[in-house]
Amino acid sequence: MSEEIKPLNLYQKLVEVRKVVTYLQKATEGSQYKYTPSSQVLAAVRSKMDEMGLILEPEITGHQVSGSDIEFKGSNGEITKRTTTYFTELDMTMTWVNADNPDEKVTKLWYAQGVDIAGEKGVGKALTYAEKYFMLKFFNIATDKDDPDAFQQRMDGDAPPPSKPSTKTPAAPKEPSQTNSPAAQHNGSSAGTGPQGLISTAQISYCHKLKKDKGIDEDDFRRMISEIGGRESIKELTKKEASEFINLLNNYQKGA
């Protein structure tokens with residue numbers, strides 16, 4: 001007599017989903033870097049979720065929306081642009097439900113945020129952010145700019161040997177020019193030491209100096225970075241965005 005096959009419990013089903021995707025390549029080009037879009041993450045796990053009979057129920061348990069009026073000033077101090085940026089924060093729960101046994105559930109606390117200029121898209125952006133990163137972190141899905149085969153080789157210990165170091169003699173350093181001075185780099189007029197087109201080391205140092213001089217706390221500093229092109233880190237700013245950010249810092253008023 002054949003042994004009866006027991007149905008999988010909720011955790012066993014989640015493990016089966018986790019086995020399907022170990023890695024996702026950052027295939028979408030942003031203005032300065034590659035990233036993994038929400039649609040790519042969902043497409044990777046949706047089919048297996050359906051097969052396993054799993055439902056993910058997101059629920060907003062709390063929210064906060066703050067607006068920040070920003071003025072951009074020209075070189076002569078005149079106001080060139082006014083805008084309001086809305087920062088949406090959501091407290092959430094993400095609940096896995098076993099469709100074959102709906103009383104079997106797993107609930108996790110979660111948090112999300114979204115930045116929007118117009119105001120009406122903040123919640124939608126935050127929900128998209130929440131779903132994407134919950135999937136990535138819950139299932140421990142790695143993301144990288146490398147191709148999936150190279151990633152798997154590294155995981156299996158079969159990575160090809162590293163390339164030999166170049167035997168070329170490095171070019172002699174150029175004499176520093178006036179445009180490479182810190183003052184010039186603060187205004188974005190030099191490539192500095194950062195990657196081409198990105199914020200320079202001097203600009204980063206100057207931003208942190210302004211942060212300290214004006215008593216800007218870390219939360220406000222990060223929020224202001226996100227207001228410039230939706231960046232998550234100061235190192236992701238372009239030189240043009242860095243100049244706008246420096247202007248924003250110069251006009252910062254505590255409690256405004």
For the pair [X] and [Y], find out whether any cationic side-chain nitrogen is under 4.0 Å from an anionic carboxylate oxygen.
{"X": "E241", "Y": "R231", "answer": "yes"}
{"X": "K211", "Y": "E218", "answer": "yes"}
{"X": "R46", "Y": "D50", "answer": "yes"}

Legend entry - Intermediate values then yes/no, salt bridge (Lys or Arg N to Asp or Glu O under 4.0 Å), D219 and R223: CA-CA 6 Å; D219 289 341; R223 175 183 58 78; over 6 Å; no

Legend entry - Contacts of H208 that satisfy ring pair (Phe, Tyr, Trp, His ring centres under 6.0 Å) - sequence neighbours left out: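 So H208 forms a ring pair (Phe, Tyr, Trp, His ring centres under 6.0 Å) with F221.
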
Inset, instruction - Would you indicate whether K48, at its atom NZ, is surrounded by more than 12 heavy atoms from other residues, nucleotides or ligands within a distance under 6.0 Å? - result: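 For K48, atom NZ is crowded (more than 12 foreign heavy atoms under 6.0 Å).
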
Legend entry - Atom OH of Y11: over 12 foreign heavy atoms under 6.0 Å: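 Count not over threshold, so no.
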
Inset, instruction - Taking all non-hydrogen atoms of both residues into account, name the closest pair between A112 and A126 and its distance. - result: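 Result for this residue pair: CB-O, 3.2 Å.
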
Inset, instruction - Please list all pairs passing the salt bridge (Lys or Arg N to Asp or Glu O under 4.0 Å) test where one or both residues lie in residues 6-21, with sequence neighbours left out. - result: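 Qualifying pairs, neighbours excluded: K13-D100, E16-K19.
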
Legend entry - same_hphob_cluster(V41, I55) at 4.5 Å side-chain heavy-atom cutoff: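 No; I55 is not reachable from V41 via cluster members.
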
Legend entry - Under the side chain to side chain donor-acceptor pair (under 3.5 Å) test, residues paired with D69 that sit two or more places apart: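 Side chain to side chain donor-acceptor pair (under 3.5 Å) list for D69, sorted by chain: T84.
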
Inset, instruction - Examine W110 together with Y133 and report whether their ring centres are nearer than 6.0 Å. - result: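 Not close enough - the centres of the two rings lie 6.0 Å or further apart.
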
